[in-house]
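What follows is one structure encoded as structure tokens, with my remarks underneath.
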Amino acid sequence: MATHDLLYEGKAKKVWATAEPHEVAMEFKDDATAHNGLKRGQIRDKGRVNARITALLLDFLGTQGLPTHFIRQMDDRTLLVRQLDMIPLEVIVRNVVAGSLHARTGIAEGTALASPLVEVYYKSDALGDPLFNDEHVALVQAASPEELARMKDMARSVNHHLQSFLLPRKLILVDFKLEFGRVGSALVLGDEITPDTCRLWDADTGQKLDKDRFRQDLGGVEDAYHEVLRRVER
Ligand code: TMP
């Protein structure tokens with residue numbers, strides 16, 4: 001790996017070039033940040049656990065007919081993925097009120113939504129990733145109206161399939177974030193799916209098994225990530 005260029009380093013991942021021009025290696029780090037980078041730390045073994053969870057969930061979504069960037073797992077904490085022309089939007093799907101939806105609406109955390117709520121945020125560190133409506137997306141030309149509609153449809157479909165995978169494993173999918181990219185004119189899901197980017201609650205106890213344990217200093221962070229992997233693996 002050291003012989004290839006580091007293309008990008010983010011808060012939780014590094015992306016490396018590979019010998020193949022349209023394939024990149026996505027390395028998951030143990031580093032964790034929260035509250036727009038104000039809280040920083042490490043979650044022991046997170047890189048390995050998140051790489052494995054993402055590999056299993058993207059593989060599953062592939063079997064359900066959803067196009068993803070996943071090719072194969074390369075090592076403990078590295079996945080080989082297709083290189084995409086990334087769209088600077090985050091699509092969030094919510095089934096239960098938590099986090100910023102609670103803060104924005106005042107509706108109690110834990111309130112189940114009658115139908116999934118889809119939100120779009122503009123990826124911009126300088127602007128603090130603002131919530132966008134369709135007209136804002138068109139204004140900044142982040143995606144065409146057709147692409148935006150397709151991204152939302154795909155996100156709803158991912159939600160449906162992930163819920164059907166996770167609920168038998170006693171995990172409630174509260175909400176999650178997705179990013180998409182283009183390969184030619186096709187849209188492809190190009191993201192991790194992990195306890196960093198999803199809220200997952202134990203179906204029996206409601207216990208939080210995701211990054212909120214780190215964000216809210218609840219303790220038991222490593223154990224929660226390991227528990228999610230254990231359930232996803234079975
Ligand atoms: P929020 O309630 O803070 O808006 O987060 C909703 C979900 O999206 C939650 O599962 C965490 C995930 N998320 C990310 O993965 N990255 C982000 O930058 C944000 C804002 C949320």
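When a ligand or atom number is given, it counts from 1 through the structure's own listing order. Nothing fancy with the numbering, it's 1 onward along the sequence.
- Nearest protein heavy-atom contact of atom 1 (P) of ligand 1 is S100 OG, 3.4 Å.
- Ion pairing between D196 and K46 holds under the 4.0 Å rule for side-chain N and carboxylate O.
- Classification of D202 and R231 as a salt-bridged pair holds, one side-chain N sitting under 4.0 Å from a carboxylate O.
- Under the 4.0 Å criterion applied to side-chain N and carboxylate O atoms, E27 and K13 are not assigned as salt-bridge partners.
- Put simply, the side chain of K14 does not reach to within 4.5 Å of the side chain of M26, judged on heavy atoms.
- The shortest separation from a heavy atom of H102 to ligand 1 is not under 4.0 Å, leaving the residue out of contact.
- Residue G99 approaches ligand 1 through these ligand atoms, each under 4.0 Å from one of its heavy atoms: 2 (O).
- Here the heavy atom of the protein found nearest to atom 18 (O) of ligand 1 is E90 OE1, 3.4 Å.
- What sits closest to atom 7 (C) of ligand 1 on the protein, heavy atoms only, is D175 OD1, 3.4 Å.
- Rounding to the nearest 0.5 angstrom, the gap separating the CG atom in L171 from the CZ atom in R199 is 15.0 Å.
- Here R40 does not pair with D31 in a salt bridge; the nearest charged N to carboxylate O distance is not below 4.0 Å.
- Only the side chain of R94 comes within contact range of ligand 1, with a heavy atom under 4.0 Å; no backbone atom does.
- For atom 21 (C) of ligand 1, the closest non-hydrogen atom on the protein side is I92 CD1, 3.9 Å.
- To the nearest 0.5 angstrom, K211 atom NZ is 15.0 Å from R213 atom CZ.
- Here the protein heavy atom with the shortest distance to atom 16 (N) of ligand 1 is K177 CE, 3.7 Å.
- Ligand 1 lies within reach of R215, whose nearest heavy atom is under 4.0 Å from it.
- The distance from ligand 1 to the heavy atoms of C198 drops below 4.0 Å at these ligand atoms: 10 (O).
- Of all protein heavy atoms, the one closest to atom 5 (O) of ligand 1 is R199 NH1, 3.6 Å.
- Taking the charged nitrogens against the carboxylate oxygens, D76 and R52 have no contact shorter than 4.0 Å, which rules out a salt bridge.
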